[in-house]
Engineer: 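First, the structure itself, so that you have it in front of you.
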2 protein chains.
Amino acid sequence: MSAKPETPRQTTIYDIARQVGLSASTVSAVLNGNWKSRRISEKTAERIRLVADRQGFALNQQARALRRQRSNLIGMIMPKYDNRYFSSIAEQFEHRARIRGLFPIITCTSRDPELELQAARTLLSYKVDCVIATGATNPDLISDICRASGVLNYNLDLPGSRAPSVISDNYGGALVLTSRVLAACAAEAGRPEPLAFIGGRSTDHNTLERLRAFRDAHAQAGIAPREDMILTTGYAAERAEQAVTQLAAAMPTLPAGIFVNSTSALEGVMRWLRSHHPEATIPHIGSFDWDPFAALIDSRILMARQDVETMLDILFDMMAERAQDRHCTEVPVRQITAASED
Amino acid sequence: MSAKPETPRQTTIYDIARQVGLSASTVSAVLNGNWKSRRISEKTAERIRLVADRQGFALNQQARALRRQRSNLIGMIMPKYDNRYFSSIAEQFEHRARIRGLFPIITCTSRDPELELQAARTLLSYKVDCVIATGATNPDLISDICRASGVLNYNLDLPGSRAPSVISDNYGGALVLTSRVLAACAAEAGRPEPLAFIGGRSTDHNTLERLRAFRDAHAQAGIAPREDMILTTGYAAERAEQAVTQLAAAMPTLPAGIFVNSTSALEGVMRWLRSHHPEATIPHIGSFDWDPFAALIDSRILMARQDVETMLDILFDMMAERAQDRHCTEVPVRQITAASED
DNA sequence: CAAGCATGCACCATCGGTTGTGCAATGCGG
DNA sequence: CCGCATTGCACAACCGATGGTGCATGCTTG
C-alpha cells in the first residue's frame, strides 16, 4: 500500500546476503567466480546464484572498478561517425572489445582538437583501462595525459610519436591509386596529365604521405604535378566543394583526374560536379576511402579501401600484450575499383 | 633513483589534501564547486585549485558516482553506425549530451536482440542515469529492466509501449514518398503502376506504418499494390539484394518503381541493378532514409530524410523534465529529392 | 565581560564491491 | 579421546569522493 515505489534501487550484494543469510563477501566471491578458491561450498554458491538471478542482480561496476583499480572500460576517441571508414572502425572496435570482455566507450569529437583533449580527460576520469586515439589531430597530447595517469594508450589511423600507432600504408595505397587514375586519364587523353589533389590537411601525417605518393606517381608517369592544383583544405565536404570552385575558376577546364582525400571531401567534390556540370562526364577520380554508394555513381570513381579489420586485429593484439614501444605499424590498403565489392 | 615508475597512479583528493595541509573534504568541496556553501575561504580554494591544476588532477568519476548515486552517464543503444541516419543520431546525441554536462556512451548492437539486452544490462551495471534505445528490436524488454533498476528510459526511432518514444512520422513520410514515385512512374509510362517494396521487417512498427502509407498511396493513385512485390526481408543489404533477385526471377520485367526501406536495403538494391543491368535506366526509387552519395547516383532516386535534429531536441527535453508518460511523439520527415541538399 | 553568532575547517559514515585474514566446526588418524 | 588438518564462511579494511555534523576561533553586541 504505502511501499515507496520511488526509484526501486538496484539490489546489491548486501541485499542478497541478507536474503540467503550469508555474508556479503561470500556473495561477492560466488558472483565474481572466485568462490572455489575461497572454499565456498557448491551448495551455497548455487543458492546465491539462484537468488541473484531471481532478483535480476546486476553488479555495480563502478564500485567494483573502484576497488579493483581496473574498470574493464576501453575508450576510443574518434573524429566522426558519418563515413564508412570511421563507422566500420567503431563497429569493429566494439565487437572486438566485447569479445574480450571489455566495455567499449566511443566518443566522437568532430575533429575538434579542444574536444579531443577534453574527451581524453573525461575518459580518464571514468578510469578507462586504455585510450585509443583515432584520427586525432594531436595524438601526442593525449599520450601525455594518458601517461601521467598510467593508462595504456594507442593511436589508430593517424600516428603519434609517444604511443604505439597502427595506420594504413598511406604511401603505398595512394601510389597505386594515383597511378591508376593517371593511367585512366592518359588512356583517354592520349597523354598523361597532372591530377588535382583535394581534401585533407597538409599538417597531418596521412595527407603528407598520400601527397608524397601522389607526387611520386606523377614522376613515375613522367609528368610533374601541378602545385596549384593541390588543395588540402581539410576534410569537410563544404571545404572540398569550395576547393573545386576555386579550381574551376582558376583554369579553363577541369583537370582530367582528381585525387580526393577522404569520402567527406568526395561528397563536396561530387556535389560541385553535379550542380555545375550535371550532364558532363566527370573527371577520373581516385578516392582515398571507400563508400558503397559512391562506387555506384560513376565508373570513373576509383576507391582505396583501408583494411580496418587487420588494423584493429593488430591493435587488440598490442593491447593484449600491453605493448609500449612507440612503433608505427603500417597496414596495406585493399584496392577497390568502381562498383566492385568487398 | 629508485622511485618506482610503475603505473604513476592518478592523484586523488587525498594527495592534494596532504600537499596543501588540509582535509580531503575541503579539497572535495573546492573541486566540485560547492565550497562557498561550506564556507571555505577564497584563499584556501585558490590554493587548492592551483595544486590540482598543477598536478593535472582528474576526479575519479566512479567514486563520485558511487557516492552520489548519480553517474552523469547517459547510454544509447543503437543498431549500426554505418549509415547516415544512425550516424547522425550518434553525433547529435553526443553533442547534446556534452552540452548538458552528461557523458554519452553509445553502444552498437548490430541489430542483435540478444546483444541489445546484454548492452542494456551492461549500461545499467555502469549506472547510467538514462538509457535510450534506438531502433531496438524489443524496446519493451529494455524498458522492463530499466524500470526494475529505476533508470530513466526512452525509445528513439522505433516506439515501445513501456517508455516514452520519439519517432518519425513514418506514415506521412512514406505517403508522400510513395506518391512521388508513383507519379514519376505514371508520367513515364502513361498510366500508374504498382511499386515494389523492399527492405525492413514486417514486425517492426516503422515498416508497418510505411507499408500502410505505401498501400494508401497506391489506393490514392487508383491502383492496387501487388502483394507479391512486397518483400520485407530485413535491413541488411545482402537480403535486399536477394529480394531483387527473387523479384527479377518472378516477373518478366522489373517494376517501374521501388520503395526501398532504408539506405542499407538501397545498397543491396543498387548493387543488384548495377551488376545485372549496368547500362539500363534504373526504376524510379523512393528511399526511406537519406544518403548524400546515393542522391548522386541517379536522378530517379528520391529520398526521405528523417529530422534527426528535432527528434533529439524532443528527446532531451523529455529527459530534462524526466517525462515518464508512455507517449509516442511523431516528427515529420523532411523530404529530399534527387541531388538536392539539406 | 559574557553571551551569541559567524567563520573556516576537520571528522566520519557512506556508496557497493573486493580480498587478506581469522575462527569455528567438522573430519581424521593415532 | 586428543591433536591437527581441512572445510566453510564471517570480519573488516579499503578503493575515492561526498556531505552531515561538530568544534575551535574570532568578532560583535548588550
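Bear in mind the structure is a predicted one, so any value in this text is a computation, not a measurement. What's counted below: heavy atoms across the whole structure, side chains too, no hydrogens, waters or symmetry copies. Residue numbers start from 1 in every chain, and the chains themselves are labelled A, B, ... in the order their sequence lines are given, proteins ahead of strands.
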Engineer: Looking at B/S28, I'd like to know whether one of its side-chain N or O atoms comes within less than 4.0 Å of OP1 or OP2 on D/dA17.
Structural biologist: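 So the side-chain polar atoms of B/S28 never come under 4.0 Å of the phosphate oxygens OP1 or OP2 of D/dA17.
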
Engineer: If you check the B/T26 side chain, which of C/dT19, C/dA10, D/dA17 turns out closest?
Structural biologist: C/dA10

Engineer: Determine whether a donor-acceptor pair (N or O, by modelled atom type, separation under 3.5 Å) exists between the side chain of A/S165 and the backbone of A/S161.
Structural biologist: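 Answer holds: no.
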
Engineer: For the residue pair B/Q62 / A/Q61, report whether a side-chain donor-acceptor contact shorter than 3.5 Å exists.
Structural biologist: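 No.
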
Engineer: Within the structure, does a side-chain N or O atom of A/R64 lie under 4.0 Å from either OP1 or OP2 of C/dT18?
Structural biologist: yes

Engineer: Would you please indicate if the ring centroids of B/F316 and B/F93 are separated by under 6.0 Å?
Structural biologist: yes

Engineer: With respect to the phosphate group of C/dA10, does any side-chain polar atom (N or O) of B/S23 fall under 4.0 Å of OP1 or OP2?
Structural biologist: yes

Engineer: To the nearest angstrom, how far is A/Q10 atom CD from C/dG16 atom C1'?
Structural biologist: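 Atom CD in A/Q10 sits about 12 Å away from atom C1' in C/dG16.
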
Engineer: Check the phosphate of D/dC9 against A/S41, side-chain N and O only, distance under 4.0 Å to OP1 or OP2. Yes or no?
Structural biologist: yes

Engineer: Rounded off to whole Å, could you give me the CZ-to-C1' distance for the A/R70 and D/dC14 pair?
Structural biologist: 19 Å

Engineer: Return whichever of B/A24 or A/T12 has its heavy-atom-nearest nucleotide of DNA chain C closer to the 5' end.
Structural biologist: B/A24

Engineer: What's the closest nucleotide to the side chain of B/N32 if the choices are D/dT7, D/dG19, D/dG16?
Structural biologist: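 So the nucleotide nearest the side chain must be D/dG19.
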
Engineer: With a 4.0 Å cutoff (strictly under), does any side-chain N or O of B/Q69 reach OP1 or OP2 of C/dG16?
Structural biologist: yes

Engineer: Please pick, from D/dC9, D/dA17, D/dG19, the nucleotide with the shortest atom-to-atom distance to any side-chain atom of B/F57.
Structural biologist: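 Side chain of B/F57 sits closest to D/dA17.
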
Engineer: Checking A/E91 side chain against B/Y81 main chain: does a donor-acceptor pair fall under 3.5 Å?
Structural biologist: yes

Engineer: Could you tell me how far apart A/L66 (CG) and D/dC15 (C1') are, to the nearest whole angstrom?
Structural biologist: 4 Å

Engineer: C/dT19 phosphate, OP1 or OP2: any side-chain N/O from A/R68 under 4.0 angstrom?
Structural biologist: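 Answer is yes, contact under 4.0 Å.
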
Engineer: Counting only side-chain heavy atoms from C-beta out, which of D/dT7, C/dG8, C/dT19 sits nearest to A/R39?
Structural biologist: D/dT7

Engineer: Assess whether one donor atom and one acceptor atom, taken from the side chain of A/S25 and the base of D/dC11, lie less than 3.5 Å apart.
Structural biologist: yes

Engineer: Spell out yes or no: do the side chain of A/R38 and the base of C/dG20 have one donor N/O and one acceptor N/O closer than 3.5 Å?
Structural biologist: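 When only heavy-atom distances are counted, A/R38 does reach the base of C/dG20 through a donor-acceptor pair under 3.5 Å.
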
Engineer: What's the CD-P distance between A/Q62 and C/dT18, to the nearest Å?
Structural biologist: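 Rounding to the nearest Å, CD of A/Q62 and P of C/dT18 are 13 Å apart.
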
Engineer: Counting only N and O atoms by type, is there a donor-acceptor contact under 3.5 Å from the side chain of A/R84 to the main-chain atoms of B/D82?
Structural biologist: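 Judged by distance alone, yes, a pair lies under 3.5 Å.
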
Engineer: Measure the distance from OH on B/Y14 to P on D/dA17 and round it to the nearest whole Å.
Structural biologist: 7 Å

Engineer: Let me know the distance between CG of A/L31 and C1' of C/dT18, rounded to the nearest Å.
Structural biologist: 12 Å

Engineer: In whole angstrom, what separates B/Q61's CD from D/dG16's P?
Structural biologist: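 Those two atoms, CD and P, are 14 Å apart.
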
Engineer: Starting at atom NZ of A/K43, determine the distance to atom C1' of D/dC9, rounded to an integer number of angstrom.
Structural biologist: 13 Å

Engineer: Using a strict threshold of under 4.0 Å (side-chain N to carboxylate O), is an ion pair present between B/R147 and B/D144?
Structural biologist: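 No, B/D144 and B/R147 are not salt-bridged.
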
